[in-house]
Amino acid sequence: MTIVHTPVLLEETIHYLAPRTEGEFMIDATLGEGGHSFAFLSRFPTLRMVGIDADRDIQERARERLGGFGERIRFYQGWSQDYFAESGDGDERPDTILIDLGVSMYHYEESGRGFSFRKDEALDMRIDTSRGDTAADLIARLPEKDLADMIYNNAGERYSRRIAHSIVENRSRGAITGTAALADMVSRAVPAEYRRLRAHPATKTFQALRIAVNGELCRLLELLEPALRALKAGGRMGVISFHSLEDRGVKNFFRDKSRDCICPPEMPICRCEGRRVVNLVTRKAVAPGFDEVRNNPPSRSAKLRVVEKVLDEDIQA
Ligand SMILES: C[S@@+](CC[C@H](N)C(=O)[O-])C[C@H]1O[C@@H](n2cnc3c(N)ncnc32)[C@H](O)[C@@H]1O
């Protein structure tokens, strides 16, 4: 098996999330091919982990790669938010949680599910292939305005309306089921100067579809809240995000959790009865350095934010 994904911000992640005592328990909530987990388990011989991924196929690869660590790693196949929601009082609470959002290089290069326009594949794009709409389903079903909004809101594509219009025109002549057909359609829908830019004109449309198919933005808060609740007081949580909307969601979530009161400024007295739950360990997002971006260009948009939990929400009343 060839590993195709290089873990991003690896040294920075280890720096901020390294265990501080023997025998700690860590959750890798987005295991992928297990790059971060492999490094943590190798460097910290008494660390124990659970690795979670919603994608059955990639998890098989991680199981094979991490098999040598034996009982020190267990696996959960499913969405992390479901894992945290299902864990109860009797379950061990993690000292550390790592969330490395989005998809892996495996999805683009090996999955055959149409994440990339570089190969002609069926337009699926689902992380969890057992349920939900595929990209082809969304393209076939969404009204033109919703398609345009999705492409604009998820990826900031400035030609979203032209692209949506072209999709709707083309689908009336036959189903759009392949990546090459979609990429070609997008290229023809945008102005010529846009085609001459470095990035392929379909880059943002593909990103927007992937985010929509996997509900990535709506799943973010569904994930952060129960993950933080599960974390032990004193424990640390790190989140790596790859685009500005995701990073804003993470930043705002951590900022609110780091304040005693989140009432609007015009409120004369506090009504939220909030209590600070975390300290911000990284005041600004940590970005990859020049060498990392040169050696692994997909890391260029990565941002890491880390918090330390100071208060157990369940016992704050
Ligand atoms: C960026 S990759 C992780 C790469 C990994 N850190 C490594 O170094 O190999 C994200 C992985 O998390 C999975 N994933 C994304 N969101 C998820 C979620 N909410 N729950 C479970 N798995 C998720 C994806 O299927 C993908 O394999």
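Counting starts at 1 for both ligands and their atoms, in listed order.
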Judging by distance only, is a nitrogen or oxygen of Q81 under 3.5 angstrom from one on ligand 1? yes
R210 side chain to F115 backbone, donor-acceptor under 3.5 Å: no
For E33, counting its heavy atoms only, list the atoms of ligand 1 lying under 4.0 Å from any of them. 9 (O)
Measuring from the heavy atoms of H107, does anything fall under 4.0 Å of ligand 1? yes
Counting from 1, what ligand 1 atoms have a heavy atom of G78 closer than 4.0 Å? 21 (C)
Donor-acceptor under 3.5 Å (D124 side chain, T134 main chain): no
Measure the distance from atom 23 (C) of ligand 1 to every protein heavy atom, then report the residue, atom name and distance (to 0.1 Å) of the closest one. T30 CG2, 3.9 Å
A cation-pi test, strictly: NZ or CZ of R65 under 6.0 Å from the centre of the six-membered ring of F38 and no more than 45 degrees from its axis. Yes or no? yes
Are the charged groups of E216 and R219 less than 4.0 angstrom apart, N to O? no
Under 3.5 Å, N or O to N or O, is D100 touching ligand 1 that way? yes
Checking contacts here: is it the side chain or the backbone of A62 that comes within 4.0 Å of ligand 1, counting heavy atoms only? Could be both or neither. neither
Decide, yes or no, whether a salt bridge links R20 with D95 under the criterion of side-chain N to carboxylate O below 4.0 Å. no
Which atoms of ligand 1 sit under 4.0 Å from any heavy atom of I58? 27 (O)
Flag, side chain of D184 to backbone of A180, donor-acceptor distance under 3.5 Å: no
Each residue besides L217 in its hydrophobic cluster should be listed here, by chain and number; the cluster joins Ile, Leu, Val, Met, Phe, Trp and Tyr at side-chain heavy-atom distances under 4.5 Å. I211, L245
So, the side chain of N214 versus the backbone of I127: is there a donor-acceptor pair under 3.5 Å, distance only? yes
heavy-atom search around atom 15 (C) of ligand 1 in the protein gives G102 O, 3.3 Å
Only heavy atoms of P7, strictly under 4.0 Å: list the atoms of ligand 1 that pass. 8 (O)
Please state which part of L31 comes within less than 4.0 Å of ligand 1, counting heavy atoms only: side chain, backbone, both or neither. backbone
Please state which part of V103 comes within less than 4.0 Å of ligand 1, counting heavy atoms only: side chain, backbone, both or neither. backbone
Would you say H5 has any N or O atom under 3.5 Å from an N or O of ligand 1, going by distance alone? no
Using a 4.0 Å heavy-atom threshold (strictly under), name the region of I127 that reaches ligand 1: side chain, backbone, both or neither. side chain
Verify, without hydrogens or angle tests, whether Q81 (side chain) and L223 (backbone) share a donor-acceptor contact under 3.5 angstrom. no
For ligand 1, which atoms, with element, lie under 4.0 Å from some heavy atom of L101? 1 (C)
Salt bridge (charged side-chain N to carboxylate O under 4.0 Å, His left out) between E225 and K257: does it pass, once the steps are laid out? CA-CA 10 Å; E225 189 71 62; K257 294 290 177 186; 3.0 Å; yes
Check whether R236 reaches the backbone of Y16 with its side chain - one donor and one acceptor, N or O, closer than 3.5 Å. yes
Does the N or O separation between H36 and ligand 1 drop below 3.5 Å for any pair? yes
Test salt bridge (charged side-chain N to carboxylate O under 4.0 Å, His left out) on R113 and D57; report intermediate values, then the result. CA-CA 12 Å; R113 288 181 229 152; D57 296 344; 3.3 Å; yes
When you check the side-chain N and O atoms of S160 and E157, is any donor under 3.5 Å from an acceptor? no
Compute the shortest N/O to N/O distance between G35 and ligand 1 and return yes if it is under 3.5 Å, no if not. yes
How far is atom 18 (C) of ligand 1 from its nearest protein heavy atom, and which residue and atom name does that atom have? W79 CE3, 3.4 Å
Ligand 1 versus R219: contacting region, heavy-atom distance under 4.0 Å: neither
Does the E33 side chain pair with the main chain of H5, one donor and one acceptor, at a distance under 3.5 Å? yes
Please identify which atoms of ligand 1 are closer than 4.0 Å to at least one heavy atom of A54. 21 (C), 22 (N)
Quick one: nearest non-hydrogen protein atom to atom 13 (C) of ligand 1, plus distance? D53 OD2, 3.2 Å
For ligand 1, find out whether one of its N or O atoms is nearer than 3.5 Å to an N or O atom of D55. no
Nearest-contact summary for atom 21 (C) of ligand 1 - protein heavy atom, Å: S80 OG, 3.3 Å
